[in-house]
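Here's the structure we're looking at; comments come further down.
Quick note: numbers below take in every heavy atom, side chains included, and nothing from hydrogens, waters or symmetry partners.
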Amino acid sequence: MNKWLKIISLWIFAVATNLAANDQIYTGWLSKKAVSGYDTVAFFTEGQPVKGNPKFKYSYLDVEWYFASEKHLNLFKQNPEKYMPQYGGFCAWAVAAKKYRAPGDPKYWKIVDNKLYLNYDRSVQNKWLKDIPSFIKAGDKNWSLMN
């Protein structure tokens, strides 16, 4: 097989693997990092987004979860569902309002009833904040239909 055919084949394999692995959890293109490498536990314990450290990486649901400390890693391992963002880290407003998987940005987040929700950007988050209960109800329904 010639060099270019090998490169193209590897690229296609990488993209296909990424798409298949990340149907439920948003990781971005050609990445396996959940929540863009941010520590999901920190949203609950620190009240802010904190970048994870590759030293505290954990593979769960075919994606990589990064944490700022061993303590946060262990908390996640004990109860991943508690700390994972809703709708797989996709934008909560997009899932609720558009039945669409848009990227969630860890800079635009909110914890509601002990659940983490991410939004695409500030303007989208402002829309979501106007009627959180209705969007969560619609988002839960839509997410179950999207999977």
Checklist outcome for this item: Closest non-hydrogen contact found for Phe90 with Trp143 is CD1-CH2, 3.7 Å
Next on the checklist: If we ignore hydrogens and angles and just use 3.5 Å, is the side chain of Asn142 paired with the main-chain N or O of Val95 as donor and acceptor?
Outcome noted: yes
Checklist entry - Okay, side chain of Trp65, backbone of Tyr60: is any donor-acceptor separation there less than 3.5 Å? => result yes
Next on the checklist: Grouping I, L, V, M, F, W and Y whenever their side-chain heavy atoms are under 4.5 Å apart, do Val41 and Phe56 come out in a common cluster?
Outcome noted: yes
Next on the checklist: Tell me if a side-chain donor or acceptor on Arg101 pairs with a main-chain N or O of Cys91 at a distance below 3.5 Å.
Outcome noted: no
Checklist entry - Would you say Tyr120 has more than 12 foreign heavy atoms packed within less than 6.0 Å of its OH? => result no
Checklist entry - Is the closest side-chain heavy-atom distance between Tyr58 and Lys77 below 4.5 Å? => result yes
Item to check | pair Gln24-Asn147: side-chain heavy atoms closer than 4.5 Å | outcome: yes
Next on the checklist: side chain to side chain contact (heavy atoms under 4.5 Å, CB included) for Ile132 and Lys110? Distances and angles first, verdict last.
Outcome noted: CA-CA 10 Å; Ile132 292 172; Lys110 184 150 181 77; 3.7 Å; yes
Item to check | Tyr66 six-ring centre to Lys51 NZ/CZ under 6.0 Å and within 45° of normal | outcome: no
Next on the checklist: My understanding is that only residues two or more places apart in sequence, or in another chain, count here; which of them pass side-chain contact (heavy atoms from CB on, under 4.5 Å) with Lys107?
Outcome noted: Tyr38, Asp105
Checklist outcome for this item: Output for pair (Lys71 NZ, Asn74 CG), nearest 0.5 Å, gives 10.5 Å
Next on the checklist: Among residues at least two apart in sequence or on other chains, which ones pass side-chain contact (heavy atoms from CB on, under 4.5 Å) with Gln86?
Outcome noted: Lys115, Tyr117
Item to check | Any side-chain heavy-atom pair of Ile136 and Trp128 under 4.5 Å | outcome: yes
Item to check | Those residues that, when tested against Phe44, pass ring-ring contact (aromatic ring centres under 6.0 Å, His included) (two or more places apart) | outcome: Tyr83
Next on the checklist: Within the 4.5 Å heavy-atom criterion, are Ile111 and Phe43 side-chain neighbours or not?
Outcome noted: yes
Checklist entry - Can you tell if the side chain of Lys98 reaches within under 4.5 Å of the side chain of Trp93, non-hydrogen atoms only? => result yes
Next on the checklist: Could you measure the distance from the NZ atom of Lys141 to the NZ atom of Lys99? Nearest 0.5 Å is fine.
Outcome noted: 6.5 Å
Item to check | Closest heavy-atom pair and its distance - Leu61, Met84 | outcome: CD1-CE, 3.7 Å
Checklist entry - Which heavy atom in Gln125 sits nearest to a heavy atom in Tyr108, and how many Å separate them? => result NE2-C, 3.4 Å
Next on the checklist: To check you understand the geometry: which heavy-atom pair defines the closest contact between Pro106 and Val35, and what is its length?
Outcome noted: CG-O, 3.7 Å
Item to check | Over 12 foreign heavy atoms within 6.0 Å of CD, Glu46 | outcome: yes
Next on the checklist: When you measure from the side chain of Asp39 to the backbone of Ala68, do you find a donor-acceptor pair of N or O atoms at a distance under 3.5 Å?
Outcome noted: yes
Checklist entry - Is there a donor-acceptor contact under 3.5 Å from the side chain of Tyr26 to the main chain of Tyr87? => result no
